Enquirer: 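Below are the structure tokens for one structure; questions will follow.
Read the numbers this way: they start at 1 and go in the same order the structure lists the ligands and their atoms. These values consider heavy atoms only, across backbone and side chains, with no hydrogens, waters or symmetry-generated copies. Only a predicted model underlies this, so the values are computations on that prediction, with no experimental measurement involved.
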Amino acid sequence: MARISPLGIVGVALIGGLWLAERARQLRTQTHDTATRQVRNVAMGAGAMLVVTAIEMPLLKRLAKGNVRARRGLAQTLPLPRAAKTVLGVAAMDYAFYWWHIATHKVPLLWRLHRVHHIDPDMDMTTALRFHALDMVVSLPFRVAQVVLSGADPVNLMAHRRFFDASVLFHHSNLRLPGHWDETLSLFLTTPEMHGVHHSKVPEEMDSNWSSGLSLWDRLHGTLRSKPQEAIEIGVADRASIADLSLTNSLLAPFREMPEALPPGSISSR
Ligand SMILES: [Zn+2]
């Protein structure tokens with residue numbers, strides 16, 4: 001019989017808790033049918049997950065073991081205690097992802113794939129799953145460079161993966177945190193309000209809040225922006241973003257001609 005790890009139980013409890021919490025305390029009013037969106041997002045996520053578990057993680061684990069053997073990469077070459085190496089390894093991987101996220105918006109081929117994630121017209125935990133499977137394949141060279149340059153060992157790699165996955169689920173959620181918690185947490189981490197601005201249809205707002213883990217990188221590069229959530233229109237301002245929402249169209253959209261951007265005046269200023 002398969003053993004269930006305590007970490008796995010904690011993970012399932014946290015995901016279940018967040019799923020219930022975002023229903024009880026909505027941050028943004030949903031504009032589209034939630035069940036339809038969620039089924040599509042989970043189906044997209046299943047395809048992406050297949051690439052990650054079958055190709056990405058086995059490859060990265062092998063590279064992380066190689067980092068230790070060959071003493072290569074940032075965390076392996078600096079004479080630091082093990083705990084410091086873990087923190088440094090995880091932070092270096094997180095910082096590399098900040099730049100990769102910018103690339104997924106600015107490099108036309110990468111945007112074709114990342115756009116599929118952004119066309120979701122509402123955000124909740126399942127938006128975190130809405131990635132094209134080919135996006136995972138195309139990002140493999142970046143993931144390889146991320147592990148090799150950071151010098152992550154297998155422990156660092158898994159620590160970063162858990163931190164990253166938890167952060168991505170959390171900051172895509174539609175959870176309104178009590179009081180000033182969101183603002184306070186955003187001093188260190190990427191929060192739902194912070195990432196909501198990045199999913200705005202307004203190009204200048206989408207070009208902000210690139211961090212996916214620590215919020216430090218946006219603060220460091222002056223790319224942090226805040227806006228009341230009720231004033232944000234979530235999605236992509238182009239002529240096909242709603243038509244491309246169905247599962248088939250989401251999978252085919254990156255191979256079609258890119259739709260024309262909508263004029264700035266067509267985004268409602270709420
Ligand atoms: Zn993005």
Side-chain angles (χ1 to χ4, degrees), residues 27-28 37 40-41 44-45 47-49 51-52 56 93-143 146 160 163-174 186 189-227 229 232-238 240-242 244-245 250-251 253-254 258-259 261-262 267:
L27 177 60
R28 293 164 291 259
R37 277 184 49 252
R40 285 171 179 162
N41 291 353
M44 294 287 294
M49 205 86 79
V51 177
V52 171
E56 186 183 306
M93 289 178 80
D94 195 51
Y95 185 45
F97 197 85
Y98 170 89
W99 288 105
W100 175 250
H101 189 187
I102 294 177
T104 62
H105 281 254
K106 301 301 173 192
V107 177
L109 170 73
L110 299 179
W111 171 244
R112 281 175 173 268
L113 295 161
H114 191 56
R115 172 181 169 274
V116 172
H117 168 66
H118 272 272
I119 59 175
D120 203 351
D122 291 310
M123 279 171 83
D124 60 22
M125 268 173 77
T126 66
T127 309
L129 308 174
R130 188 185 172 79
F131 284 95
H132 200 288
L134 196 60
D135 198 348
M136 303 298 109
V137 177
V138 169
S139 68
L140 272 177
F142 160 74
R143 298 283 185 185
Q146 189 188 25
H160 175 263
F163 168 63
F164 183 80
D165 289 350
S167 174
V168 168
L169 284 171
F170 172 63
H171 66 240
H172 282 99
S173 77
N174 196 28
S186 76
L189 299 169
T190 310
T191 60
E193 289 201 25
M194 204 180 144
H195 202 64
V197 178
H198 175 66
H199 275 255
S200 165
K201 282 184 178 177
V202 179
E204 302 80 56
E205 290 167 9
M206 192 181 272
D207 281 353
S208 68
N209 300 6
W210 304 103
S211 300
S212 293
L214 302 171
S215 62
L216 170 70
W217 319 124
D218 277 309
R219 293 178 184 281
L220 203 64
H221 294 290
T223 50
L224 186 70
R225 203 185 257 262
S226 62
K227 188 177 181 180
Q229 298 295 303
I232 298 171
E233 201 176 330
I234 301 287
V236 176
D238 69 36
S241 64
I242 297 300
D244 283 348
L245 275 176
S250 289
L251 293 172
M258 283 300 276
L262 290 174
I267 304 165

Enquirer: Given Phe164, which partner from the list Phe97, Phe170, Tyr98 fulfils the ring pair (Phe, Tyr, Trp, His ring centres under 6.0 Å) test?
Expert: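 One option only clears the test, and that one is Phe97.
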
Enquirer: Please report the number of protein N, O or S atoms that lie less than 2.8 Å from the Zn ion (ligand 1).
Expert: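 Protein N, O or S neighbours of the Zn ion (ligand 1) under 2.8 Å, waters not counted, come to 5.
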
Enquirer: Taking atom types as modelled, find out whether His198 and His101 have a side-chain donor-acceptor pair closer than 3.5 angstrom.
Expert: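 A pair is found: one side chain offers a donor N or O, the other an acceptor, under 3.5 Å apart.
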
Enquirer: Answer yes if the ring centres of Trp100 and His114 are under 6.0 angstrom apart, and no otherwise.
Expert: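 Aromatic pair excluded; centres sit 6.0 Å or further apart.
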
Enquirer: How long is the straight-line distance from OG of Ser212 back to CG of Leu189, given to the nearest 0.5 Å?
Expert: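 Separation between the atoms: 12.0 Å.
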
Enquirer: For residues 124-139, pull every pair meeting salt bridge (charged side-chain N to carboxylate O under 4.0 Å, His left out), keeping only residues two or more places apart or in separate chains.
Expert: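 Matches after skipping sequence neighbours: Arg37-Asp124.
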
Enquirer: Do the two ring centres, one from Trp210 and one from His221, sit under 6.0 Å apart?
Expert: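 Ring centroids of Trp210 and His221 are no less than 6.0 Å from each other.
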
